[in-house]
Amino acid sequence: MPKEHSRHAKKPPSLGRNAAKQEAIDAGKKWETPMWRLDYLLSMVMMVHLIACPWTKVEESFNVQAIHDMLFHGTNISQYDHQQFPGPVPRTFLGALAVSAVAVLPKVLAVDLLGSEKIFALFLARAALHVLVHAALSTFIRAVATQFGRSTATWLVFITASQFHFLFYVSRPLPNVFALPLVILATTAWINGRDRKMIIYAALATIVFRSELCLLFGPMLLMSLIKQTISFRRAFTKAFQFGLLALGLTVLVDSWFWGRPVWPEGEVLWFNTVRNQSSKWGVAPFLWYFYSVIPRFLLTSLPFFVVGLVTSRVMRTILLPFAIFVALYSLLPHKELRFIIYIVPVLNLGAAVGCSHLARINRFWKAVAGLHIPLNVCLTFFFLAVSSRNYLGGDALKQLHSLEPPTASVHVYLDNFSCQNGVSRFLHMNEKWIYNKSEEVRFEEDAPWAAFTHVIAEAKYEQLLATRGFQVVSSLYGFSGFNLTVPRLDEVLNFEWSPVVWIEKVQILKQQKIAT
């Protein structure tokens with residue numbers, strides 16, 4: 001693909017195409033030296049997100065439980081969580097297997113040998129997932145340094161580090177995040193004109209993790225065919241070969257885990273697209289991704305993204321298949337922010353191109369471009385503070401382990417809300433305790449409650465549980481919404497006004513007979 005370079009290149013463009021090409025290669029090499037590896041800033045920021053929000057939600061449940069089971073149960077499939085809670089459709093174990101392969105040695109050293117708490121393995125697993133994404137993202141950044149110049153690559157790093165959603169998600173064990181490194185590598189290969197590599201990564205990502213990615217890689221391949229950077233015969237041959245290889249891999253591995261012949265992503269495709277069952281989890285308007293999600297991805301980088309598109313023909317070419325992907329995917333009624341997480345590196349590249357263009361005009365516009373980075377950071381810290389209070393089930397179960405001695409006899413029931421908002425097997429830290437998350441327990445029924453010593457449940461069940469002999473020992477407050485009232489001056493000066501509203505959402509309850 002065509003290449004763009006900074007005005008401040010060491011050699012003038014008049015030296016010819018070969019000299020310009022060598023400048024771009026030199027820029028990429030300089031980026032590879034330690035002093036220019038600013039992309040490690042992204043890892044440090046990710047760790048902040050991980051420490052602030054260590055727990056996982058229901059959409060991450062299958063993979064986080066699978067990672068736990070691989071790390072702690074190995075090949076003993078009978079002890080795996082999916083045997084009891086299989087979910088509406090089977091999911092692939094390949095993503096969890098890749099993360100576990102990276103995390104197993106640190107887990108053995110930290111947990112098995114040094115005796116760290118079990119939840120430390122969750123940190124290690126999520127950090128391992130980030131390592132995989134970071135490796136792919138570093139390759140993308142080096143390609144940007146080569147194609148657009150070191151200045152644009154530097155802007156890309158700072159823009160990405162300043163935003164909230166991308167780095168918040170990249171360590172979360174979601175199918176979309178498992179596919180993300182492959183999508184980034186495929187995009188990098190496509191930008192560099194290496195279509196065969198793009199097809200390999202695309203086949204793995206589409207067949208194994210997210211079938212809808214054919215809506216992204218299809219337009220990419222079509223553009224390459226139009227430009228004749230690859231022949232139709234070679235493209236078809238590579239796609240068929242590696243598609244078949246990816247299909248064989250996922251069927252072989254996942255059939256063993258599930259105990260029956262299965263292509264998980266094929267069943268997910270049928271469930272979500274043909275049967276349209278995903279609509280049960282909510283629907284959104286056709287343009288929702290465009291007017292809601294993309295602005296949230298970019299934050300205050302949005303106007304600079306527009307500048308990048310207007311001033312760079314290459315940027316418009318790179319963005320085209322991603323725009324087609326979002327438009328086509330918008331036809332599916334059920335929408336979630338994470339479904340299009342793959343477009344963020346390209347969106348940020350557009351913003352980086354825009355910032356780099358403005359920075360070359362004069363110091364004023366460079367300052368304008370630079371000012372939006374701290375604005376993004378402020379918004380990110382606010383969003384992170386709010387998000388850290390959205391995993392109350394995990395917070396409550398962690399707190400219960402500090403409220404009761406390790407030798408206590410505990411049989412805790414975890415309600416559906418708690419299990420969906422933070423609880424995972426990584427928080428089952430005491431082997432002597434019983435952690436019950438049975439879906440057969442009903443708050444309206446009297447029978448099972450005498451067996452439980454503790455309950456972690458939504459606050460709305462307090463009165464009902466009080467009639468069963470439970471009393472509240474701790475309450476946890478979560479985000480409810482934004483405070484739309486206008487604060488008085490004295491409320492602001494005395495820190496009595498908050499921009500958000502917190503309400504009691506989860507309680508830890510204990511049998512009264514145990515307390516006396």
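Side chains included, hydrogens not; waters and symmetry mates left out as well; all remaining heavy atoms used. Computed from a predicted structure; not experimentally measured.
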### Message
Closer than 3.5 angstrom, by distance alone: can the side chain of N63 be matched with the main-chain N or O of A66 as a donor-acceptor pair?
### Response
no
### Query
How long is the span from the CD1 atom in I200 to the CG atom in L245, to the nearest 0.5 Å?
9.5 Å
### Query
Below 4.5 Å, heavy atoms only, C-beta onward: do F383 and L299 meet side chain to side chain?
yes
### Message
Quick one, I119 and W55 - any side-chain contact, counting heavy atoms below 4.5 Å?
### Response
yes
### Task
Measure from the side-chain N and O atoms of Q241 to the backbone N and O of K238, and report whether any donor-acceptor pair falls under 3.5 Å.
no
### Query
Any side-chain heavy-atom pair from S402 and Q399 closer than 4.5 angstrom?
yes
### Query
Any idea which heavy atoms bring T380 and H49 closest together, and the distance?
CG2-CE1, 4.0 Å
### Task
Test the K57-Y391 pair against the cation-pi criterion, namely NZ or CZ under 6.0 angstrom from the six-membered ring centroid and within 45° of the ring axis.
yes
### Pairwise side-chain contact, I67 with L122, heavy-atom cut-off 4.5 Å (strictly under)
no
### Task
Please examine the side chains of R338 and H165, heavy atoms only from C-beta on, and report whether any two atoms are closer than 4.5 Å.
no
### Task
Walk me through it: do H73 and H68 pass the test ring-ring contact (aromatic ring centres under 6.0 Å, His included)?
CA-CA 8 Å; H73 298 306; H68 167 275; 5.8 Å; yes
### Query
Is the Lys NZ or Arg CZ of R210 less than 6.0 Å from the centre of F339's six-membered ring, within 45° of the axis?
yes
### Message
Taking the side chain as everything from C-beta on, heavy atoms only, tell me whether T250 gets closer than 4.5 Å to E265.
### Response
no
### Query
Does Q65 use its side chain to pair, donor to acceptor, with the backbone of D81 at less than 3.5 Å?
no
### Task
Name the orientation class of the two ring planes belonging to F72 and F426 (parallel below 30°, tilted from 30 to 60°, perpendicular beyond 60°).
perpendicular
### Query
Taking atom CG of L349 and atom CZ of F322, what is their separation to the nearest 0.5 Å?
9.5 Å
### Message
So, taking the atom named CZ in F140 and the one named OG1 in T188, what distance separates them when rounded to the nearest 0.5 Å?
### Response
6.0 Å
### Query
At what distance, to the nearest 0.5 angstrom, does CE of M223 lie from OG1 of T317?
5.5 Å
### Query
Can H130 and S43 be counted as having a side-chain donor-acceptor contact under 3.5 angstrom?
yes
### Task
Please answer whether the main-chain N or O of M220 pairs with a side-chain N or O of W190 as donor and acceptor at a distance below 3.5 Å.
yes
### Task
For the pair L337 and F297, evaluate side chain to side chain contact (heavy atoms under 4.5 Å, CB included) and give the outcome as yes or no after the intermediate values.
CA-CA 9 Å; L337 180 146; F297 278 152; 3.4 Å; yes
### Query
Taking the six-membered ring of F479 as reference, does the NZ or CZ atom of K505 fall below 6.0 Å from its centre and within a 45° cone about the axis?
no
### pair V111-L114: side-chain heavy atoms closer than 4.5 Å
no
### Message
One pair to check against ring-ring contact (aromatic ring centres under 6.0 Å, His included): F257 and H82. What are the steps and the verdict?
### Response
CA-CA 9 Å; F257 278 103; H82 75 283; 7.1 Å; no
### Message
For S301 versus N376, what's the shortest heavy-atom pair and its separation?
### Response
OG-ND2, 2.9 Å
### Task
Please determine which of V310, I294, L319 meets the side-chain contact (heavy atoms from CB on, under 4.5 Å) test together with F305.
L319
### Query
Would you say N362's side chain and F364's backbone share a donor-acceptor pair under 3.5 angstrom?
yes
### Message
Tell me the closest heavy-atom pair linking S388 and D395, and the distance in Å.
### Response
O-OD2, 4.0 Å
### Message
Would R172 pass as a cation-pi partner of F168, given that its NZ or CZ must be under 6.0 Å from the six-membered ring centre and within 45 degrees of the axis?
### Response
yes
### Query
Does the side chain of Y201 reach to within under 4.5 Å of the side chain of V183, using non-hydrogen atoms?
no
### Query
Taking the side chain from E212 and the backbone from Y329, do they hold a donor-acceptor pair closer than 3.5 Å?
no
### Message
Please check: side-chain N/O of S292 versus main-chain N/O of Y289, any donor-acceptor pairing under 3.5 Å?
### Response
no
### Task
Measure from the side-chain N and O atoms of Q163 to the backbone N and O of L298, and report whether any donor-acceptor pair falls under 3.5 Å.
yes
### Summary
What one should report as the nearest heavy-atom pair of L129 and V177 is CD2-CG1, 3.8 Å
### Message
Does R389 have more than 12 heavy atoms from other residues, nucleotides or ligands lying within 6.0 Å of its CZ?
### Response
yes
### Query
From T152 OG1 over to M315 CE, what is the distance, rounded to the nearest 0.5 angstrom?
10.5 Å
### Task
Mind checking the CG-CG spacing from D195 to L225? Nearest 0.5 Å is all I need.
8.0 Å
### Summary
All heavy atoms of G243 vs all of A203, minimum pair found to be N-CB, 3.8 Å
### Task
Over all heavy atoms of both residues, which pair between I184 and A136 is shortest? Give the atoms and the distance, please.
CG2-O, 3.4 Å
### Message
Under a 3.5 Å cutoff, is there a donor and acceptor pairing between the side chains of H334 and E336?
### Response
yes
### Message
Any side-chain to backbone donor/acceptor pair from N421 onto L392? Under 3.5 Å, distance only.
### Response
no
### Message
Determine whether a donor-acceptor pair (N or O, by modelled atom type, separation under 3.5 Å) exists between the side chain of S356 and the backbone of A352.
### Response
no
